[in-house]
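The structure presented is a predicted model; accordingly, all values stated were derived computationally and were not measured. Along the sequence shown, residues carry numbers from 1.
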Amino acid sequence: QVQLVESAGGLVQPGGSLRLSCAASGFTLDDYSVGWFRHVPGKEREGVSCINRYTGTTYYADSVKGRVTISRDNAKNTVYLQMNSLKPQDTAVYYCAAGRGPFVCLATMTIGLYDNWGQGTQVTVSS
């Protein structure tokens, strides 16, 4: 069964840090580019970061640049999203997603190019 499972998010104080993980089962995650998206009710799903399977290049939304790092551990079939200096506006449901092809992870993260999605995990930044 092809599956992506995000780690639990949680409640974090402003300025705090949180690392999300995205573990794959049923397929080799290294064969895919992987992205993290977030969604706030009433808004469109936003691409946060992605890592390109072909080039290793990483991309970040301007809203998180300098505060977020995406990485992958192929031995664990897992991709991570390290988030630092969290702000209340980072509050959202975070999803990881994987897709194949050279256009999946570029500066613009096209949602429709991602084939496999995790179930999402809530991250709340609040004091």
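Listed by first and then second residue, the side-chain hydrogen bond (donor to acceptor under 3.5 Å, both in side chains) pairs involving residues 102-116 amount to none (not counting sequence neighbours).
With a 4.5 Å cut-off on side-chain heavy atoms, Trp117 and Leu4 do not count as touching. Proximity of Leu29 to Val79: side-chain heavy atoms (C-beta onward) are separated by under 4.5 Å at one or more points. With a 4.5 Å cut-off on side-chain heavy atoms, Val5 and Cys22 do not count as touching. Residues Ile51 and Arg53 form no side-chain contact, since every pair of their non-hydrogen atoms from C-beta on lies 4.5 Å or further apart. The shortest side-chain heavy-atom distance between Glu6 and Tyr95 falls under the 4.5 Å cut-off. Two residues are said to be in side-chain contact when any heavy atoms from C-beta on lie closer than 4.5 Å; Val123 and Thr91 fail this criterion.
Rounded to the nearest 0.5 angstrom, Asp30 CG and Asn74 CG are separated by 3.5 Å.
When hydrophobic clusters are built by joining Ile, Leu, Val, Met, Phe, Trp and Tyr residues whose side-chain heavy atoms come closer than 4.5 Å, directly or via intermediates, Leu81 is not grouped with Ile111. Hydrophobic clustering, with ILVMFWY side chains joined whenever heavy atoms are under 4.5 angstrom apart, keeps Met109 apart from Tyr80.
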Item to complete: Would you sort out whether Thr69 and Tyr60 count as a side-chain contact (heavy atoms from CB on, under 4.5 Å), showing the intermediate values?
Response: CA-CA 8 Å; Thr69 302; Tyr60 299 94; 3.9 Å; yes

Practice prompt. Apply side-chain contact (heavy atoms from CB on, under 4.5 Å) to Thr121 and Val93, showing your working.
Written response: CA-CA 5 Å; Thr121 187; Val93 177; 5.9 Å; no

Discussion item. For Gln82 and Val68: C-alpha separation, side-chain torsions, deciding distance, then whether side-chain contact (heavy atoms from CB on, under 4.5 Å) applies.
Written reply: CA-CA 6 Å; Gln82 176 69 46; Val68 167; over 6 Å; no

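With no hydrogens or angles considered, a side-chain donor-acceptor pair links Ser17 and Asn84 at under 3.5 Å.
Of all non-hydrogen atoms in Thr28 and Tyr32, the two that sit nearest each other are O-CD1, 3.4 Å. Residues Asn52 and Leu106 approach most closely at ND2-CD2, 4.5 Å, considering heavy atoms. The nearest pair of heavy atoms linking Thr78 to Ser21 is CG2-CB, 3.9 Å. A pairwise comparison of heavy atoms in Ala61 and Gly47 identifies CB-O, 3.4 Å as the closest pair.
If you run side-chain contact (heavy atoms from CB on, under 4.5 Å) between Tyr59 and each of Ser33, Ser49, Cys105, only Cys105 comes through.
More than 12 heavy atoms of other residues, nucleotides or ligands sit less than 6.0 Å from atom CD of Gln89. Tyr54 OH: more than 12 foreign heavy atoms inside a 6.0 Å radius.
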For residues 35-43, please give each side-chain donor-acceptor pair under 3.5 Å, one per line with the distance, not counting sequence neighbours.
{"residue": "Arg38", "atom": "NE", "partner": "Glu46", "partner atom": "OE1", "Å": "2.8"}
{"residue": "Arg38", "atom": "NH1", "partner": "Asp90", "partner atom": "OD1", "Å": "2.9"}
{"residue": "Arg38", "atom": "NH1", "partner": "Tyr94", "partner atom": "OH", "Å": "2.9"}
{"residue": "Arg38", "atom": "NH2", "partner": "Glu46", "partner atom": "OE1", "Å": "3.3"}
{"residue": "Arg38", "atom": "NH2", "partner": "Ser63", "partner atom": "OG", "Å": "3.3"}
{"residue": "His39", "atom": "NE2", "partner": "Lys43", "partner atom": "O", "Å": "2.9"}

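When atom types are taken as modelled, the side chain of Arg67 and the backbone of Met83 share no donor-acceptor pair closer than 3.5 angstrom.
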